[in-house]
Asks: 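One structure, as structure tokens, below. Some questions next.
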Protein chains: 2
Amino acid sequence: MGMSACSHHHQASHGLEGAPLSGALEAAQVRCVRLNERMTPPRRRVLELLLQAGGPMKAYDLIAKFGENGAAAKPPTVYRALDFLSRQGFAHRIESLNAYMACRFGEETHTAAFLICGCCGETQEIEGVAPANLEGAAKAAGYTLTGVTVEARGLCTPCASA
Amino acid sequence: MGMSACSHHHQASHGLEGAPLSGALEAAQVRCVRLNERMTPPRRRVLELLLQAGGPMKAYDLIAKFGENGAAAKPPTVYRALDFLSRQGFAHRIESLNAYMACRFGEETHTAAFLICGCCGETQEIEGVAPANLEGAAKAAGYTLTGVTVEARGLCTPCASA
DNA sequence: CGCGCATTTGTTATAAAGTAACATAACTAG
DNA sequence: CTAGTTATGTTACTTTATAACAAATGCGCG
């Protein structure tokens, strides 16, 4: 759930802007065309906000920032865009934060895993940490796997040393 | 979030009752004494409901069932008990379901991992599936780990064959 | 083209999940 | 027994998310 109270606010921004931002949006667009999916204006706008943020965003912050001129969106507009972006792998829901984040990696379907600082909220998506033995345990229990969520809690360097 | 619609409702109950139930409650009580923690009536009651259910329960279902004679609890009563039970390892929050489940294992602190059927909701806690390389990835990113959540989605045997 | 179907969006309303804040009570150490 | 801490009771509210249905848009096809 929430962070522990933490007095030191560092939080490098990590967000995209300018050419990298439009490049990432363009790449998403291209990928949609290839997959026969539609990158519509609201979907594109939500992805843009996530890429600009460069970290986890709450749904209602997206809703508040959605409109170009300070106007908010209606909740379903943003939730539907988030559903789409998650289905296509452009974004992930971070369950333990009730937040959403642009996917850092390419289109290959990976096991999304996150390192979350419990103090400042800094969150990184990481690769290659699929749980060992999970396949075996699932098989033993008679489950066919469709996806795995890994969310690791910890302290980032600045928070640990403060 | 929710399950995919699914017409077949099997769901073996897995819940405790009678002697096994009171035994489990007694064991929790004993463990609390040893750790100098207090197994108070509301905490005990919430744990009892979780053990009886034998599977994930929503907070508001616990709230509704809390009172002995059909009376509901106030939300903070149950949420506080759930916080306590989670801290002590008697229960886990299942992030991707917004639900809570009694811990199936003993007191050793383990990485809680779950197999969740996306169709019928059947959920099992499993052991020994800590993510490979997570320690390394965390270290590389400068994180000190404090805990890990693993939630695997899939289809249980009845749902897969239906 | 223009008709029909599927997908997406707009909109209103409401459900579900969780917490803040503060008063009261119960344990526990001295 | 009294002061401090921990837990509970209670009211009110915030945050998060979805249902339901109407309007619009895109898209294949005759």
Side-chain angles (χ1 to χ4, degrees), chain A residues 1-5 28-29 32-33 35-50 56-68 71-88 90-101 121, chain B residues 1-5 28-29 32-50 56-69 71-88 90-101 121:
Chain A
M1 275 146 258
M3 333 273 87
S4 324
Q29 168 78 31
C32 279
V33 169
L35 298 174
N36 235 320
E37 297 287 345
R38 289 148 73 178
M39 180 57 80
T40 61
R43 291 166 176 180
R44 186 183 175 91
R45 174 63 177 150
V46 170
L47 179 56
E48 179 181 30
L49 288 168
L50 291 175
M57 281 196 79
K58 306 291 241 158
Y60 273 73
D61 291 339
L62 292 166
I63 287 167
K65 289 197 173 178
F66 183 89
E68 312 287 344
K74 304 292 171 61
T77 302
V78 165
Y79 280 105
R80 291 195 280 225
L82 288 169
D83 285 349
F84 172 83
L85 295 171
S86 303
R87 278 199 311 276
Q88 302 307 323
F90 295 121
H92 300 289
R93 173 181 164 84
I94 308 200
E95 304 286 353
S96 62
L97 295 176
N98 288 349
Y100 305 84
M101 190 172 169
Chain B
M1 267 134 272
M3 333 274 87
S4 327
Q29 168 78 29
C32 279
V33 169
R34 184 154 40 74
L35 298 173
N36 236 319
E37 297 286 347
R38 290 148 71 178
M39 180 57 81
T40 61
R43 291 166 176 181
R44 185 182 176 92
R45 174 61 176 151
V46 170
L47 179 56
E48 181 181 30
L49 289 168
L50 291 175
M57 282 196 78
K58 306 291 243 160
Y60 273 74
D61 291 340
L62 292 166
I63 287 167
K65 289 197 173 178
F66 183 90
E68 312 286 345
N69 37 21
K74 304 292 171 62
T77 301
V78 165
Y79 279 106
R80 291 195 280 225
L82 288 169
D83 285 348
F84 171 82
L85 296 171
S86 303
R87 278 198 311 275
Q88 303 307 322
F90 294 122
H92 300 290
R93 173 182 164 83
I94 308 199
E95 304 287 353
S96 62
L97 294 177
N98 287 349
Y100 305 84
M101 191 171 169

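In the text below, chain A, chain B and the rest are named by the order of the sequence lines, each starting its count at 1.
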Asks: Measure from the side-chain heavy atoms of A:Arg80 and tell me the nearest of D:dA7, C:dT9, C:dG18.
Replies: C:dT9

Asks: Distance check needed: C:dT19 C1' versus B:Leu82 CG, whole Å only.
Replies: 14 Å

Asks: Can you check whether A:Val46 reaches A:Thr77 side chain to side chain, under 4.5 Å on heavy atoms?
Replies: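 Counting from C-beta outward, A:Val46 and A:Thr77 never come under 4.5 Å.
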
Asks: Please state how far atom CD1 in B:Ile63 lies from atom P in C:dG18, giving the value in whole angstrom units.
Replies: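 Rounded to the whole Å, the gap is 9 Å.
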
Asks: Starting at the 5' end of DNA chain C, which residue's closest nucleotide do you reach first, B:Asn36 or A:Phe66?
Replies: A:Phe66

Asks: Answer yes or no: does a side-chain N or O of B:Tyr100 lie under 4.0 Å from OP1 or OP2 of C:dA17?
Replies: no

Asks: Looking only at side-chain N and O atoms, does B:Lys58 come under 4.0 Å of OP1 or OP2 in C:dA17?
Replies: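 Result: yes.
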
Asks: So, for B:Leu85 and B:Leu47, which heavy atoms are closest and what is the spacing to 0.1 Å?
Replies: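 Closest approach of B:Leu85 to B:Leu47, heavy atoms only: CD1-N, 3.7 Å.
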
Asks: Find the distance A:Glu95:CD to C:dA17:C1' and express it as a whole number of Å.
Replies: 14 Å

Asks: Return the value, rounded to whole Å, for the distance between atom OH of B:Tyr79 and atom P of D:dA7.
Replies: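 So the two atoms are 20 Å apart, to the nearest Å.
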
Asks: Separation of B:Arg87 atom CZ from D:dA7 atom C1', in whole Å?
Replies: 11 Å

Asks: Measure the distance from CD on B:Gln88 to C1' on D:dA7 and round it to the nearest whole Å.
Replies: 14 Å

Asks: To the nearest Å, how far apart are A:Met39 CE and D:dG26 P?
Replies: 16 Å

Asks: For A:Arg93 and D:dA17, is the shortest distance between a side-chain N/O and OP1 or OP2 below 4.0 Å?
Replies: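 For A:Arg93, the contact criterion (side-chain N or O under 4.0 Å from OP1 or OP2 of D:dA17) is met.
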
Asks: Heavy atoms from C-beta onward define the side chain here; which of C:dT8, D:dA7, D:dA17 lies closest to that of B:Thr40?
Replies: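 So the nucleotide nearest the side chain must be D:dA7.
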
Asks: I want to check something: taking the side chain as every heavy atom from C-beta on, are B:Tyr79 and B:Ile63 in contact at a cut-off of under 4.5 Å?
Replies: yes

Asks: Take B:Phe84 and A:Asn98, find for each the nucleotide of DNA chain D with the closest heavy atom, and name the residue whose nucleotide sits nearer the 5' end.
Replies: B:Phe84

Asks: Does D:dT11 have its OP1 or OP2 closer than 4.0 Å to a side-chain nitrogen or oxygen of B:Lys74?
Replies: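 For D:dT11, OP1 or OP2 has a side-chain N or O of B:Lys74 closer than 4.0 Å.
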
Asks: How far apart are the C-alpha atoms of A:Gln88 and A:Met39, what are their side-chain angles, what is the distance that settles it, and do they pass the side-chain contact (heavy atoms from CB on, under 4.5 Å) test?
Replies: CA-CA 10 Å; A:Gln88 302 307 323; A:Met39 180 57 80; over 6 Å; no

Asks: Check for a donor-acceptor pair, side chain of A:Arg93 on one end and backbone N or O of A:Ser86 on the other, with a separation under 3.5 Å.
Replies: no

Asks: I want to confirm an ordering. Mapping B:Ala99 and A:Glu37 to their closest nucleotides on DNA chain C, which one lands closer to the 5' end?
Replies: A:Glu37

Asks: Side chain of B:Arg43, heavy atoms from C-beta onward: which of D:dT8, C:dT19, C:dT11 has the nearest atom to it?
Replies: D:dT8

Asks: Taking for each residue the nucleotide of DNA chain D with the nearest heavy atom, is it B:Pro75 or B:Pro41 whose nucleotide lies nearer the 5' end?
Replies: B:Pro41

Asks: Within the modelled atom types, does a donor on one side and an acceptor on the other bring the side chain of A:Tyr60 and the base of D:dA17 under 3.5 Å apart?
Replies: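 Under the 3.5 Å cut-off, the side chain and the base do form a donor-acceptor pair.
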
Asks: Between D:dT10, C:dT11, C:dA17, which nucleotide gets closest to the side-chain atoms of B:Thr77?
Replies: D:dT10

Asks: Would you call the rings of B:Phe84 and B:Phe90 parallel, tilted or perpendicular, taking 30° and 60° as the class edges?
Replies: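 The rings of B:Phe84 and B:Phe90 sit tilted, inter-plane angle from 30° to 60°.
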
Asks: Specify the separation, in whole Å, of atom CE of A:Met57 and atom C1' of D:dT15.
Replies: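 It is 15 Å, rounded to the nearest whole Å.
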
